[in-house]
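Input: a single structure, listed below in structure tokens.
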Amino acid sequence: MSTNSDAAEMFREIADLLDVLGEKFKPEAYRRAARSIESLTEDLKAVAARGDLRTIPGVGEAIAEKIEEYLKTGKVDYYERLTKQVPPGIADLLRLPGLGPKTARRFWLELGVEGPNELAAAIDAGRLTGLKGFGPKKIEQVRAALAAAKAAPPSGRLPIEEAYPIAQRLLAGLRASAGAEQLEIAGSFRRCRETVGDLDLLATSQTPARVFDTFSALPDVREVRLRGPTKETVLLTNGLQVDLRVVEPEEFGAALLYSTGSKDHNVHLRTIARDRGLKINEYGIYRGEERVGGRTEEEMYRALRLSWIPPEIREDRGEVEQAARGAVPRLVEAGDLTGDLHVHLPDEARPADVDRVVAGARQAKLRYVGIVVAGERADGSRFELPRPVLERIAHESGTSLRLERVREVPADGLPESWPAGEDRIVVRPTRGVPRPPSRKPGPTLGPIVAHLGGEEAARPWIEWLRGASGAIEVGPGPERIDSVSARAALEAGIGLCVVTGVGRDPDDPAAPISLGFARRAGAEKGSVRNAASPASVTRNGSAARTARSRSGA
DNA sequence: GCCGTTTTCGGCCCGACTGTTTTCAGTCG
């Protein structure tokens with residue numbers, strides 16, 4: 001665990017403790033600080049060393065001091081004092097669905113209950129009966145929540161690549177028979193966050209009840225948590241919670257904006273609305289009684305005199321200010337991709353697999369594809385594509401679509417010079433040898449660093465490529481870098497490599513998520529290696545250099 | 001506790017849903 005996530009976690013715990021103690025606004029302040037510390041691309045130590053802690057959104061004098069104290073001593077006196085005031089089990093009560101700080105505090109102070117086990121005992125002993133605000137249904141709810149928490153510990157957030165196929169199934173099921181017109185997934189899924197806590201679906205329909213009936217009956221759905229006239233919440237068989245809202249068409253943009261978030265982005269928009277004498281909610285945007293927008297997101301942003309902001313960057317990290325200046329970056333899009341530099345064929349590859357890649361690449365209008373023809377696997381064994389496959393690659397390589405030979409080498413087996421031989425190099429950071437070699441790649445046609453995972457693992461490789469050429473593959477899973485590391489790479493002037501999906505199963509979500517992570521990192525077309533013109537990514541190093549110096553990069 | 005092209009003090013998003021209520025509090029997103 002890094003310093004940043006440890007510090008963020010501590011501030012979240014402080015927020016929970018303050019909540020239970022009945023504080024009004026401090027808890028949100030600490031949570032906001034925790035959120036922005038978590039999304040930092042830089043280590044807190046480095047920020048503190050520069051004296052820039054207070055430039056972190058949500059970090060003011062008091063929290064900056066606590067960060068300093070934490071970095072210096074490893075603990076924070078204020079936090080220690082709070083934990084002494086509240087029994088440790090109270091935090092576990094807060095994790096129970098439907099049970100918040102007010103209730104936890106009452107259990108603690110009025111019943112002397114200090115944790116889940118004592119609460120269960122109190123219910124069994126009938127001690128909740130007669131407590132003001134606790135009827136039989138509420139008591140049963142708490143009992144069920146306790147039992148559920150015991151049977152299945154909180155599942156936490158789901159990696160987006162695991163949520164992706166589920167989301168597609170739900171969409172398909174609703175499209176098939178629900179009478180839904182517009183249908184979108186909002187929430188952190190639409191922002192392409194690395195993990196999602198739940199799924200937020202949004203629809204328009206003439207017949208909301210029918211939509212909810214269809215939704216409740218989908219095979220993935222285990223139980224209906226709550227259902228009103230406009231909103232339903234269900235639990236899937238895997239424990240994931242899904243909210244579905246049905247709204248009027250003229251409200252769809254407002255509802256989409258509202259439920260895509262993030263929280264900080266929404267709060268910022270509402271503040272701007274207020275300052276301009278407007279009111280904004282999930283149904284629209286209003287000046288007094290007059291409705292001035294809500295059918296589309298563009299309408300909503302326009303009414304605030306902002307340009308439309310792509311969902312992936314709605315995190316209140318400066319994008320609202322950019323939109324006010326009309327300076328929102330034009331993020332890389334699928335249609336910008338000109339090629340793929342890292343395609344693997346199956347272990348027992350046959351010439352037909354090359355044909356499949358070629359067909360996919362033509363359909364995606366790619367102009368070059370790098371196929372890994374030889375290399376070393378994670379377990380150290382070597383592989384090389386069979387001769388008939390190599391021949392098919394050579395034969396298929398034409399002028400409209402060029403096929404490149406790619407060699408994949410482990411980090412501790414890097415060749416002596418760059419570029420090495422005729423092949424492009426993909427570097428596979430070797431397990432147990434996580435650090436890059438001291439020798440940097442050359443200034444022209446650099447390697448693609450792939451099969452690299454985790455923020456901690458990414459840092460040294462970003463340093464390795466700083467000032468040199470090369471790119472890092474971004475995308476889901478433990479073998480690629482996420483959007484936080486991708487942002488750090490972009491800040492260091494290093495290009496990204498985006499997965500195109502060519503040669504992959506059509507249901508494989510790696511490509512859309514890879515693009516989403518790149519966008520989330522703020523990548524424009526110019527900083528994505530495989531969105532560049534073929535000339536600047538050829539084997540000819542001088543062409544690459546010319547292209548780059550001309551574009552001023 | 002944070003924050004400020006109307007503020008260094010006085011705000012801090014706002015509505016759905018539930019259970020318990022004769023009008024609302026708590027939770028959630």
Side-chain angles (χ1 to χ4, degrees), chain A residues 11 14-15 17-36 53-67 78 82 93-107 128-142 144-145 186-189 196-202 208 212 224-233 241-247 251 254-255 257-286 305 316 321 324-325:
Chain A
F11 286 130
I14 289 179
L17 293 167
L18 290 171
D19 247 340
V20 173
L21 291 171
E23 285 280 356
K24 205 79 177 104
F25 295 103
K26 285 188 193 181
E28 252 332 286
Y30 277 100
R31 286 196 185 97
R32 170 149 159 71
R35 286 196 298 273
S36 40
L53 284 177
R54 297 200 47 186
T55 64
I56 301 171
V59 174
E61 191 181 343
I63 293 184
E65 272 176 23
K66 291 180 178 71
I67 296 174
Y78 180 66
L82 285 176
L93 294 182
L94 291 179
R95 317 245 182 284
L96 297 172
L99 207 155
K102 297 265 169 57
T103 314
R105 180 180 166 83
R106 284 189 60 199
F107 285 158
L128 265 64
T129 323
L131 205 61
K132 189 161 174 271
F134 281 86
K137 276 192 164 177
K138 190 93 198 166
I139 293 174
E140 192 42 51
Q141 231 178 44
V142 176
S188 47
F189 185 93
V196 300
D198 63 5
L199 289 176
D200 297 289
L201 271 55
L202 198 62
F212 291 138
V224 175
R225 269 264 175 91
L226 56 86
R227 176 168 169 175
T230 66
K231 188 181 148 180
E232 177 169 21
T233 296
Q241 179 175 310
V242 185
D243 298 332
L244 170 64
R245 263 186 117 98
V246 178
V247 301
E251 301 164 348
L257 179 68
Y258 169 82
S259 50
T260 299
S262 68
K263 187 185 176 86
D264 292 330
H265 181 86
N266 284 353
V267 169
H268 199 154
L269 294 189
R270 280 175 203 276
T271 309
I272 289 180
R274 196 192 52 214
D275 292 350
R276 304 224 158 122
L278 299 162
K279 197 175 88 114
I280 186 171
N281 60 28
E282 60 253 66
Y283 301 110
I285 181 161
Y286 308 85
R305 278 185 255 152
D316 198 26
E321 289 80 357
R325 298 196 309 270

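By convention in this document, chain letters (A, B, ...) are assigned in the order of the sequence lines, proteins followed by strands, and residues within each chain are numbered from 1.
The two atoms that bring Ala15(A) and Tyr30(A) nearest to each other are CB-CB, 4.0 Å, heavy atoms only. Residues Gly22(A) and Arg105(A) come closest through the heavy atom pair N-NH1, 4.2 Å.
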For the pair Arg31(A) and Asp19(A), evaluate salt bridge (charged side-chain N to carboxylate O under 4.0 Å, His left out) and give the outcome as yes or no after the intermediate values. CA-CA 11 Å; Arg31(A) 286 196 185 97; Asp19(A) 247 340; 2.8 Å; yes

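When the nearest nucleotides of DNA chain B are assigned to Lys231(A) and Arg106(A) by heavy-atom distance, the more 5′-ward of the two goes with Lys231(A). Closest-nucleotide positions on DNA chain B for Lys132(A) and Gly58(A) were compared, and the one nearer the 5' end corresponds to Gly58(A).
Residue Glu140(A) qualifies as enclosed at atom CD: its count of foreign heavy atoms under 6.0 Å is above 12.
Between Phe134(A) and Phe107(A), the ring-plane angle classifies as tilted under the 30° and 60° cut-offs.
Regarding Leu269(A), its CG atom lies at a distance of 13 Å from the P atom of dC13(B), rounded to whole Å. Atom CG of Leu96(A) and atom P of dG26(B) are 18 Å apart (whole Å). Between Arg105(A) atom CZ and dT27(B) atom C1' there is a gap of 17 Å when expressed in whole angstrom units. Rounding to whole angstrom units, CG of residue Leu93(A) and P of dT27(B) are separated by 12 Å. The distance from atom CD of Glu23(A) to atom C1' of dC12(B) is 14 Å, rounded to the nearest whole Å. Nucleotide dT5(B) holds its P atom 10 Å from the CD1 atom of Ile272(A), rounded to whole Å. Note: CZ (Arg274(A)) to C1' (dC13(B)) measures 9 Å, nearest angstrom. For the pair Arg325(A) CZ and dT5(B) C1', the interatomic distance rounds to 15 Å; values are reported in whole Å.
Under 4.0 angstrom from either OP1 or OP2 of dA25(B) there lies no side-chain N or O belonging to Lys138(A). Contact annotation: Gln141(A) side-chain N/O to dG19(B) OP1/OP2 distance is under 4.0 Å. For Asn266(A) and dC13(B), the shortest distance from a side-chain N or O to OP1 or OP2 is not below 4.0 Å. Note on Thr230(A): a side-chain N or O is less than 4.0 Å away from OP1 or OP2 of dC17(B). Residue Gln241(A) has a polar side-chain atom (N or O) positioned under 4.0 Å from OP1 or OP2 of dG29(B). Considering only side-chain N and O atoms, Thr103(A) lies under 4.0 angstrom from the phosphate OP1 or OP2 of dT27(B). OP1 and OP2 of dC14(B) both lie 4.0 Å or more from every side-chain N or O belonging to Tyr286(A). Side-chain nitrogen and oxygen atoms of Lys66(A) include at least one within less than 4.0 Å of the OP1 or OP2 phosphate oxygen of dG1(B).
Residue Glu61(A) is classed as a sugar-phosphate contact, given heavy-atom separations below 4.0 Å to backbone atoms only. Contact annotation for Lys137(A): backbone-only contact, meaning every heavy-atom pair under 4.0 Å involves sugar-phosphate atoms and none involves a base. Across all strands shown, Glu65(A) has no heavy atoms under 4.0 Å from either base or sugar-phosphate atoms. Residue Lys263(A) is in base contact, counting any heavy-atom pair closer than 4.0 Å across all strands shown. Note on Pro27(A): nothing from the nucleic acid sits closer than 4.0 angstrom, heavy atoms only. If you check every strand for non-hydrogen atoms under 4.0 Å, Arg227(A) touches sugar and phosphate atoms only.
The side chain of Ala62(A) lies closest to dC2(B), out of dC2(B), dT20(B), dG29(B). The nucleotide whose nearest atom lies closest to any side-chain atom of Val267(A) is, among dC13(B), dG15(B), dG29(B), dC13(B). For Asp275(A), taking side-chain heavy atoms from C-beta onward, the closest of the listed nucleotides dG15(B), dG26(B), dT6(B) is dT6(B).
When the C1' atom is used for both dT7(B) and dC2(B), the distance is 14 Å, rounded to whole Å. Remark: the separation of the C1' atoms in dT8(B) and dG1(B) is 14 Å, to the nearest Å. A distance of about 26 Å separates the P atoms of dG15(B) and dG10(B), rounded to the whole Å. Only the C1' atoms considered, dT23(B) is 15 Å distant from dT18(B), to the nearest whole Å. With both ends at atom P, the span from dT27(B) to dT20(B) equals 14 Å, rounded to whole Å. Annotation: dG26(B) and dT21(B) have their P atoms spaced 14 Å apart (nearest Å). For the P atoms, the distance linking dC3(B) with dC13(B) amounts to 14 Å, nearest Å.
Checked by distance alone, Tyr258(A) brings a side-chain donor or acceptor within 3.5 Å of a matching partner on the base of dG29(B).
Arg32(A) contributes no side-chain N or O that, together with a main-chain N or O of Pro57(A), makes up a donor-acceptor pair within less than 3.5 Å.
Aromatic stacking of Phe25(A) on dC12(B): satisfied, with centres closer than 5.5 Å and planes within an angle under 30 degrees.
At least one side-chain heavy atom of Arg270(A) sits less than 4.5 Å from a side-chain heavy atom of Tyr258(A). Considering only heavy atoms from C-beta on, Glu28(A) comes within 4.5 Å of Lys263(A) through its side chain.
For dT8(B), there is no paired nucleotide, since no Watson-Crick or G-U wobble pair has both relevant distances below 3.5 Å.
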